[in-house]
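Notes for the one structure printed next.
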Amino acid sequence: MDHFLYQDGALCAEDVPVAEIAAQVGTPFYCYSTATLERHFRLFDEALDGTDHLVCYAMKAASNQAILKTLAALGAGMDVVSGGEYARAKAAGVPGERIVFSGVGKTHEEIHAALSGGIRQFNVESEPEMAVINEVALSLGMRAPITVRVNPNVDAKTHAKIATGKSENKFGIPISRAREVYAHAASLPGIEVVGIDVHIGSQLTQLEPFKLAYEKVAELTEALRADGHDIRRLDLGGGLGIPYERSNTAPPLPVEYGQMVKETLGHLGCEIEIEPGRLIAGNAGIMVSKVIYVKEGEDRQFMILDGAMNDLIRPAMYEAHHDIVPVQEPEPGAAPTTYDIVGPVCETGDTFAKGRAMPTVAPGDLVAFRSAGAYGAVMASEYNTRPLIPEVLVHGDQFAVIRPRPTFEEMINRDTIPEWL
Ligand SMILES: *Cc1c(COP(=O)(O)O)cnc(C)c1O
């Protein structure tokens with residue numbers, strides 16, 4: 001459920017008509033709903049009620065400072081995957097003890113910054129990385145808390161570009177080698193083993209792959225404890241999917257996921273961490289765009305928007321579906337038109353939808369891409385020298401620009417001219 005509904009014929013973000021925001025900030029733009037962000041965070045938090053747990057929002061999904069502050073105020077931890085994200089989490093006021101650091105290529109500098117600024121744990125993805133963490137920790141006179149990310153070789157049954165839990169993927173260490181790697185970790189004086197980490201992919205629409213992975217983690221926990229390791233924390237990653245198409249059957253709910261987690265891992269008495277990104281931010285955001293032209297092709301109509309692949313790359317990158325709806329509610333029973341919905345960028349890949357039946361639109365009309373809150377703004381670029389589009393946060397009947405659109409001058413002035421020119 002989200003808070004983008006028609007009221008009196010106008011699509012609203014909570015209590016603010018989307019067209020009003022468009023009139024003030026111009027199009028295209030991203031718009032997030034505070035109530036939806038909060039609701040989705042709480043769904044996860046409550047799903048793990050009764051177990052010692054921390055929900056660490058995977059901020060790569062949407063990392064605006066205002067979004068982070070909204071979630072941090074509810075007690076959210078953060079899952080970061082770069083030094084930049086770590087700095088963002090700290091800047092939003094998240095204490096180090098609520099930040100976990102994931103990612104396959106943490107650099108010496110990133111590890112140093114996180115250890116100096118405070119970190120809950122590193123999720124280690126390889127032995128060379130563990131050696132560097134050990135070295136940096138010792139140089140600071142510290143012990144670095146770590147989990148090892150294990151790759152359980154489970155098919156997440158999701159898009160190939162976001163499946164991470166098979167042995168052919170670059171992530172984690174093979175679970176078959178885990179005992180050996182933990183033994184090595186225990187021998188390093190700058191390393192403190194605190195638990196196990198697993199993350200098998202994103203946009204999972206079934207519980208079964210999670211369950212298979214978590215059963216393997218439960219088995220491993222017992223084996224590692226028998227080897228003498230103090231396994232007290234299990235980081236279960238993120239990945240629960242969202243319904244991108246209203247017409248499709250919905251993925252499992254956080255409460256069902258939480259129930260499965262308790263059933264599979266509850267007996268171990270570990271603290272549970274989860275790292276949801278998409279499910280918290282995805283349906284909490286829309287991208288609003290304006291129709292520039294409707295162009296008659298030979299055998300089709302093109303709806304040409306002012307938003308493009310550089311603003312929302314998911315359709316081009318993952319063949320992702322976004323429901324696209326008019327901001328002005330269509331008359332009931334109005335006959336639909338079939339469009340290829342495209343942006344103005346000079347790439348055929350700049351296509352949001354092909355053969356999409358939707359209410360008839362005219363130039364100047366506004367449309368909203370639903371479920372664009374996660375992996376939307378954060379993946380945007382300035383390709384074609386198109387400015388990064390603004391982000392707006394709604395809270396009840398208020399809204400605020402949380403990242404303004406840069407001017408052309410600001411964009412151009414970021415380049416510097418060498419002295420020989
Ligand atoms: C991307 C990622 C997540 C979040 O995945 P979602 O599908 O957005 O929930 C969590 N943990 C790790 C390690 C990730 O790489």
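Everything quoted here is computed from the prediction, not taken from an experiment.
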* Asked: Quick one: ring-ring contact (aromatic ring centres under 6.0 Å, His included) pairs with a partner in residues 121-141, sequence neighbours left out?
  -> Phe101-Phe122

* Compute the ring centroids of Phe369 and Phe352, then answer whether they are less than 6.0 Å apart. => yes

* Sequence neighbours excluded - side-chain hydrogen bond (donor to acceptor under 3.5 Å, both in side chains) pairs with any residue from residues 303-312 -> Thr27-Asp306, Ser289-Asp306, Asn310-Arg386, Asp311-Arg386

* To do: Tell me, please, which residues at least two apart from His395 pass side-chain hydrogen bond (donor to acceptor under 3.5 Å, both in side chains).
  => none

* **Value rounded to 0.5 Å, distance of CD in Glu275 from CE in Met78** => 12.5 Å

* **Lys211, NZ atom: more than 12 neighbouring heavy atoms under 6.0 Å** => no

* Do Arg414 and Glu382 have side-chain heavy atoms sitting under 4.5 Å apart? -> yes

* To do: Kindly compute the distance separating OG1 (Thr36) from NE2 (His40), expressed to the nearest 0.5 Å.
  => 6.0 Å

* What's the shortest heavy-atom distance between Ile173 and Val181, and which atoms? -> CD1-CG2, 3.5 Å

* **Donor-acceptor side-chain pairing of Arg278 and Ser202 below 3.5 angstrom** => yes

* For the residue pair His321 and Arg356, confirm or rule out a side-chain donor-acceptor distance under 3.5 Å. => yes

* Structure fact -> Residue pairs passing the ring-ring contact (aromatic ring centres under 6.0 Å, His included) test with at least one member in residues 230-258, sequence neighbours excluded, are Phe210-Tyr257, Tyr244-His322

* Asked: How about His53 and Asp45: does a side-chain donor come under 3.5 Å of a side-chain acceptor?
  -> yes

Show the atom names and distances, to 0.1 Å, of all donor-acceptor pairs under 3.5 Å that link a side chain in residues 9-19 to residues at least two apart or in another chain.
unit_1 : atom_1 : unit_2 : atom_2 : d
Glu14  : OE1    : Gly396 : N      : 2.6
Glu14  : OE2    : Ser33  : OG     : 2.8
Glu14  : OE2    : Thr34  : N      : 2.9
Glu14  : OE2    : Ala35  : N      : 2.7

* Asked: Hey, are Glu192 and Gln121 close enough side-chain-wise for a donor-acceptor pair under 3.5 Å?
  -> no

* To do: Starting at CG of Asp350, measure out to CD of Glu347 and round the result to the nearest 0.5 Å.
  => 7.5 Å

* Asked: Say you draw a straight line from CD1 of Ile280 to CZ of Phe44; how long is it, rounded to the nearest 0.5 Å?
  -> 6.0 Å

* Asked: Quick one: does Asn123's side chain get under 4.5 Å of Asp235's, heavy atoms only?
  -> yes

* **ring-ring contact (aromatic ring centres under 6.0 Å, His included) pairs, two or more places apart, involving residues 65-94** => none

* **Point-to-point distance, once rounded to the nearest 0.5 Å, from CE of Met260 to OH of Tyr214** => 5.5 Å

* Asked: Counting only heavy atoms not in Asp8, do more than 12 sit closer than 6.0 Å to its CG atom?
  -> no

